[in-house]
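Read the structure below first, then the notes.
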Amino acid sequence: MFFDYIVRRLLIGVFIIFIISIISFFIIQLPPGDYLTTYLAELSAEGQRITPAVEQRIDALRERYGLGDPFHVQYFSWITGIILRGDFGYSFQWNSPVSAIIWGRLGLTLTISVSSLFFSWIVAFPIGFYSAVKQYSIPDYIFTFFGFLGLSIPNFLLALVLLFLGYQQFGVVFSGLYSSEFAGEPWTREKFVDFLRHLWVPVIVLGTAGTAALIRVMRNNLLDELQKPYVMTARSKGLSEFRLLLKYPVRIAINPFLSTVGWMLPFLLSGEIIVGTVLSLPTIGPVLLESLLGQDMYLAGSFVFLLGVLTVVGTLISDILLALVDPRIRYD
Amino acid sequence: MTAAVKKTDTKLIELSNLHVNFKYRQGTVRAVKEANLDIFSGESLGLVGESGSGKSVTAQSILGIIPTPGEIAEGEIYYFPEGEDGKRITLSDLKSKGKEFRHLRARKFSIIFQEPMSALSPIHTIGNQIIEAMMLARSVNKKEARNEAVKLLRKVGIPKAEERIDEYTFNLSGGMRQRAMIAMALAGEPEFLIADEPTTAIDVTIQAQILELLENLQKDFGMSLMMITHDLGVIAAVAERVAVMYNGYIVEKAFLENIFNNPLHPYTKGLINSIPDIKKTDRKLVSIEGVVPHPYARIKGCDFRPRCEKSIEGICDQSFPSEIECEKDHFVRCYLYNELEDDKK
Ligand SMILES: Nc1ncnc2c1ncn2[C@@H]1O[C@H](COP(=O)(O)OP(=O)(O)OP(=O)(O)O)[C@@H](O)[C@H]1O
Ligand SMILES: [Mg+2]
């Protein structure tokens, strides 16, 4: 039964990824023209003469990537390239294959987002638990207050404030993910330690709003569950209060909490794009923005597509976790 | 009459002037008021009354599981452990979540709730929940507890118990669920079992089976049983003694025969009269004029006065009548009756 459930989810996931790939390819083709026309326009705007050599090169590129072809032909060659050869196309801006640009950056983006997710969970779980069990206590009110504060401050503002405070108070620049001497270096133990030292800033910036939301989710779910008759049943058995809370209401209240991966991940990924730009991190944020502005279609399309895939995978993971902890879903 | 002998039996639980309140900002709900009640070893007591009359809260207060913000505002609950002559534990003084009270709940007291679907955890197997109760009550390891649990499931009439033990509640029928709940309540071989409307949520055709099962188990285990219901048919089938609750007060207490043949309180009379034929009915108590007062309402005088045809002006609107023994072992709280003279008691 559990196996059926997972297979069903997987099939749905694959189907959704397929749809996402079409939509992301469609969206980046929406603006009129393509990278090459933008590029030519830029050249002439800068007052450069368009030599036959340039024109020839551009024609060759247009030919090679089939930019003049109809949508479905372009899409088909793009997607088969990805599936068969891991070839995501070519970035005109970077003059290099897309796959050479994206993986490292996507990895960092994912690291930051997943770290933020765990950060949110680890902070929100005990606070939500406490707030529910001691509803209307003074700490509950305090947590609620800071929770709403955290929810309502936009990411980028928090990032800017941290940047400002860090620089003004400590003379430290909180941007980037490693110190300048490590840029472009291969990963070593020293670089990794340095990386961890930088990681907390974007993690906190990104995680704050989600943490606040999760505290509300945990608190409200647990409050609901605490009213349920099975809690009284457990008490009537003489189970100690703490063990009882963890075994029954918390186990059940945790389900919606786990399913938050589904919406937290896209939320964090898109947040990371903004925060990454503000903090100038070597993640996909700044690059995605540029590629969208410059109609660097394969680069932008691949990012959009992969972000979509990550979201689907996140949802899939949360579905499987849910089914593991809740037999009602497994048997559905 | 065997029932009369019971009175001389040993007392197991005693409620003395018990008040239970739920305090809210909007006001205080006085769920149980001035309740005096004895429960004897091995007897089965029926607690009957309309919805909201305080039956469940009375039960919860004995077990120390009143939900917040409810609390015992006044009065005492005593427990006299079986086989420990003269020992008396004041339950109302114990911390309800403390070790001593928890041990009593694990080993001596049990409760069966109305809706097994919501009273059992939806994400644990029934076996898991029964084994847990077993291990809290006795010093057995998990394997022994499981064997015992299978036996217990068989005893409560669950076929293929060794397979069913690993089922979740949502895979069982209502009747089977309630049987599992009963098995769980029996895991600690309790001295005192409360059944809080155990058949209300169950298919009518299965209700009689469950009641019979409970009756047999009560005899087998030698437990005291408190049967809470608003169904006089259930009372007639199971109870030896009856207490009638109205709006938080216990308004009448007597042996079953006396309640049915000689009801004294106008409310009890109303209940009995609303049943055309006791023998073949299991009708709900709906047909008394008027409604139960609002939980926050404070009524001057007798709480039943607004619905009572016999209320006497200048008397019934002054204060709530105190408890009088009107015939032997028959108590009522009503101004229409006089105390039995001492020598006849
Ligand atoms: N958790 C609670 N919070 C507030 N008030 C409560 C709570 N539980 C019970 N009460 C109140 O206490 C009073 C008695 O309730 P109780 O549940 O004991 O009634 P009952 O006789 O068991 O009724 P039913 O037949 O519907 O089960 C009611 O007025 C009810 O509103
Ligand atoms: Mg009740």
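Values below: every heavy atom of this structure, side chains too, minus hydrogens, waters and symmetry copies.
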Identify whether the distance between the nearest side-chain nitrogen and carboxylate oxygen of [X] and [Y] falls below 4.0 Å.
{"X": "Asp166(B)", "Y": "Arg146(B)", "value": "yes"}
{"X": "Glu115(B)", "Y": "Arg177(B)", "value": "no"}
{"X": "Glu71(B)", "Y": "Lys23(B)", "value": "yes"}
{"X": "Glu132(B)", "Y": "Lys247(A)", "value": "yes"}

Atom group of Val325(A) that falls short of 4.5 Å from chain B, counting heavy atoms: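 Contact with chain B: backbone only.
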Side chain, backbone, both or neither of Leu239(A) within contact of chain B (heavy atoms, under 4.5 Å): both
Donor-acceptor under 3.5 Å (Arg105(B) side chain, Ser236(A) main chain): no
Closest approach of [X] to [Y] (non-hydrogen atoms, all atoms of both residues):
{"X": "Thr208(A)", "Y": "Gly150(A)", "result": "CG2-CA, 3.9 Å"}
{"X": "Ala323(A)", "Y": "Phe2(A)", "result": "CB-CE1, 3.4 Å"}
{"X": "Ser24(A)", "Y": "Val304(A)", "result": "CB-CG1, 3.3 Å"}
{"X": "Val231(A)", "Y": "Glu225(A)", "result": "CG2-O, 3.4 Å"}
{"X": "Ile204(A)", "Y": "Leu158(A)", "result": "O-CD2, 4.4 Å"}

Which residues from [range] are near chain A, with near meaning under 4.5 Å between non-hydrogen atoms?
{"range": "residues 117-125 of chain B", "answer": "Ser118(B), Ala119(B), Leu120(B), Ser121(B), Pro122(B), Ile123(B), His124(B)"}
{"range": "residues 178-191 of chain B", "answer": "Met181(B), Met184(B)"}
{"range": "residues 51-62 of chain B", "answer": "Gln60(B)"}

Ring centres under 6.0 angstrom apart (Tyr230(A), Phe113(B)):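 So the answer is no for these two rings.
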Chain B contact residues among residues 106-135 of chain A, heavy-atom distance under 4.5 Å: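 Hits under 4.5 Å: none found.
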Part of Gln114(B) within contact of chain A (heavy atom distance under 4.5 Å):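 Nothing of Gln114(B), per the 4.5 Å heavy-atom cut-off to chain A.
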Region of Asn128(B) that comes under 4.5 Å of a non-hydrogen atom in chain A: both
Neighbour count >12 (heavy atoms, 6.0 Å) for atom CG, Leu11(A): yes
Within 6.0 Å of CZ in Phe146(A), more than 12 heavy atoms from elsewhere: no
Student check: side-chain heavy atoms of Lys228(A) and Pro249(A) closer than 4.5 Å: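 No; the side chains remain at least 4.5 Å from each other.
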Note, Ile194(B) side chain near Ile112(B) side chain (heavy atom, < 4.5 Å): no
Identified side-chain contact (heavy atoms from CB on, under 4.5 Å) counterpart of Phe257(A) within the set Leu214(A), Leu322(A), Leu222(A), Val250(A):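 That would be Leu214(A); it is the only one of Leu214(A), Leu322(A), Leu222(A), Val250(A) passing the side-chain contact (heavy atoms from CB on, under 4.5 Å) with Phe257(A).
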Pairwise distance CE(Met135(B)) to CG(Asn141(B)) - rounded to 0.5 angstrom: 7.0 Å
Top of Ile65(B), Ile111(B), Thr68(B) for chain A proximity - count of heavy-atom pairs under 4.5 angstrom: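 Sorted descending by pairs with chain A, the first entry is Ile65(B).
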Plane angle bin for Phe170(B) and Tyr168(B) - parallel if under 30°, tilted between 30 and 60°, otherwise perpendicular: parallel
Arg251(A) to Tyr248(A) six-membered ring, cation-pi geometry met (6.0 Å, 45°):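 Checked: cation-pi criterion not met.
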